[in-house]
Each structure stands twice: as structure tokens, then as C-alpha cells.
Visitor: 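Dropping a structure here in C-alpha cells format, bear with me for questions.
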Amino acid sequence: MTALDADPDGTAQPVPQEAPAPAVVGPLAGDPAMLGLSSFIVGSIALGLGLVGVVPVGVLGAPLAIILAATALGLLLAAVWAAAVGQSAVAAVFGIFGTFWLSYGMLVLGLDHNWFAITATAVLATVKLFLVAWLVVILMLTLATLRLPAAFTAVFALVSLALLLLLLAFANASPLGVPSSGLLKTAGYVVLVFAALGVYLFYDAAQAGTGGKRVPLGNPLIK
């Protein structure tokens with residue numbers, strides 16, 4: 001398309017205009033949240049059901065197939081995708097949660113197979129160390145993302161609450177090293193609640209990705 005410009009003698013001359021930028025297509029046009037949220041949801045459901053007693057207490061490896069092969073892998077792929085499209089905050093969130101689930105899987109496998117030479121008397125302390133470290137990081141993430149819609153903040157806050165309940169469960173373990181079953185189940189229900197919130201967020205992303213109307217996510221706590 002061209003515009004007209006005038007010469008000194010008043011004659012109009014066409015002035016070439018820059019062509020509009022081509023529409024972005026392919027992977028760069030997509031939304032990594034759809035992959036990241038679905039991966040987060042399936043691992044959260046598996047862990048939550050395990051904690052509330054779908055599998056016998058103490059069988060920590062039951063959800064690992066899902067957590068390692070679907071949740072950790074899916075979140076890390078979503079983090080790379082988000083970084084590729086310049087969504088640094090989204091990439092950080094997915095990367096942090098991806099490494100959380102990966103480290104959880106490594107902890108359980110390491111304790112079950114004695115990979116890290118952790119003695120039986122140090123297992124409880126090791127689990128509490130893991131929970132404290134990740135509780136600090138998720139609280140940091142919660143505070144750092146208060147500019148996001150409130151639904152995201154609620155998810156991060158609930159993840160922090162679940163980690164705190166798990167920490168209390170292991171801190172109140174019996175002399176035989178058995179964590180508090182009541183606190184474990186409570187943490188499991190909290191995990192299922194934030195999994196449900198994840199479903200709501202996925203529905204919002206899916207609506208946007210398929211040309212539908214987005215759902216309300218709440219106003220940010222900090223503007």
C-alpha cells in the first residue's frame with residue numbers, strides 16, 4: 001500500500017509504505033500454558049489421591065510414573081516454549097514447578113533405593129529439609145507474582161499451604177518415623193483443591209486458544 005506525498009512543484013508522488021508484519025504462525029503463535037497447566041494438573045491429582053489414601057500410607061512411589069514422565073517433563077517443555085515466545089514470568093513459573101516435581105521424584109527414588117547414602121535415622125530430617133527448601137521457594141514465587149490474576153495467586157498459596165501441612169506431618173511423626181496421617185490427608189485435600197483450580201485455569205487458556213470467551217480469573221492483588 002502507498003501514500004501520496006507532494007513534490008516542491010505540488011505534484012503528488014506515491015510514497016511506498018512498509019508492509020505489515022506477517023502474522024505469527026506455528027509454535028510461536030501458541031500458548032505454552034495449555035501444556036504446562038495440563039501437566040501440572042495430572043501430577044497434582046496423582047499426588048493428592050495418594051496422600052488422601054487411595055494407595056496405602058507410605059507408598060510414596062505410586063504417583064511417580066505420572067509425576068516424572070508427564071508432570072515434570074511437560075512443565076519443563078512448557079517452560080522452554082514460554083521462554084521461546086518471550087514469556088519470562090510464565091517460563092519461570094513452569095520451570096520452578098517442573099524442577100519441584102522432578103526433585104520430588106528424585107527424593108522418593110533416592111530414599112527407596114538408597115542412592116544418596118542417607119541412613120534410616122536421617123530420612124525424616126531429609127524429607128523436612130526438602131519441604132522447607134521448597135516452601136521457601138514457593139512462598140517467594142507467590143509474593144513475586146502478586147501482579148498476576150488472583151486465581152494464579154490462589155494456586156501458589158495453596159501449594160505453599162500443602163507444603164506446610166506436609167512439613168508439619170513429618171515434624172509430628174511418631175517415634176517409629178510415621179508421619180501424622182491426619183495432616184497428610186489434609187495436605188492431600190489441599191493438593192486436590194489446587195488441582196481443581198488448575199483445571200479452571202486450563203479451561204480459560206483452552207477457551208482463548210479455541211476462540212472462545214475467557215473466564216474471569218480475579219483482579220491482581222497488586223496493580
Side-chain angles (χ1 to χ4, degrees), residues 32-33 35-83 90-120 122-141 155-156 158-171 173 177-179 181 183-195 197-199 202:
L35 172 61
L37 286 169
S38 56
S39 301
F40 174 81
I41 290 163
V42 67
S44 300
I45 292 172
L47 178 61
L49 291 177
L51 290 172
V52 300
V54 171
V55 294
V57 176
V59 184
L60 298 178
L64 285 192
I66 292 173
I67 286 173
L68 290 175
T71 302
L73 180 60
L75 282 166
L76 292 175
L77 287 173
V80 173
W81 184 0
V90 176
V93 170
F94 288 152
I96 288 170
F97 278 109
T99 52
F100 164 75
W101 290 107
L102 183 61
S103 65
Y104 172 79
M106 290 296 296
L107 174 71
V108 173
L109 289 174
L111 292 177
D112 283 348
H113 298 283
N114 195 28
W115 287 350
F116 309 128
I118 297 171
T119 62
V123 168
L124 273 179
T126 300
V127 173
K128 287 188 284 186
L129 180 151
F130 174 88
L131 292 170
V132 168
W134 276 109
L135 177 58
V136 170
V137 171
I138 301 302
L139 283 173
M140 174 193 73
L141 180 65
V155 171
F156 303 148
L158 287 170
V159 173
S160 299
L161 177 59
L163 288 171
L164 177 60
L165 289 169
L166 289 171
L167 177 60
L168 293 174
F170 283 92
V178 179
S181 60
L183 286 170
L184 284 180
K185 285 188 176 182
T186 304
Y189 289 123
V190 172
V191 172
L192 292 175
V193 171
F194 69 64
L197 266 177
V199 172
F202 175 81

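Just so it is clear, the model here is predicted, and its values are computed rather than measured.
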Visitor: Under 4.5 Å between any side-chain heavy atoms of F202 and F40, yes or no?
Guide: no
Visitor: Taking side chain as C-beta onward, heavy atoms only, is F100 less than 4.5 Å from V159?
Guide: no
Visitor: With a 4.5 Å cut-off on side-chain heavy atoms, are V90 and F94 touching?
Guide: yes
Visitor: How long is the gap from CZ on F170 to CG on L166, to the nearest 0.5 Å?
Guide: 6.5 Å
Visitor: With L168, which of L183, L184, T186 fulfils side chain to side chain contact (heavy atoms under 4.5 Å, CB included)?
Guide: L183
Visitor: Any side-chain heavy atom of L64 sitting closer than 4.5 Å to one from Y104?
Guide: yes
Visitor: Are any of the side-chain heavy atoms of V108 and I67 separated by less than 4.5 Å?
Guide: no
Visitor: Between T71 (side chain only) and S39 (backbone N and O only), is there a donor and an acceptor less than 3.5 Å apart?
Guide: yes
Visitor: Only distances under 3.5 Å count here; give the side-chain donor-acceptor pairs of residues 45-53 to other protein atoms, sequence neighbours excluded, each with its distance to 0.1 Å.
Guide:
none

Visitor: Considering only heavy atoms from C-beta outward, does the side chain of F156 approach that of L139 to under 4.5 Å?
Guide: no
Visitor: Ring-plane angle category for W115 and H113, please: parallel below 30°, perpendicular beyond 60°, tilted otherwise.
Guide: parallel
Visitor: Find the distance between CG (L102) and CG (L75) and round it off to the nearest 0.5 Å.
Guide: 10.5 Å
Visitor: Among V191, L135, V132, find the one that has a side chain to side chain contact (heavy atoms under 4.5 Å, CB included) with L163.
Guide: L135
Visitor: Stepwise, does the side-chain contact (heavy atoms from CB on, under 4.5 Å) test hold for L141 with F97?
Guide: CA-CA 10 Å; L141 180 65; F97 278 109; 3.7 Å; yes
Visitor: Decide yes or no for I96 and W134: does some side-chain heavy atom of the first lie under 4.5 Å from some side-chain heavy atom of the second?
Guide: yes
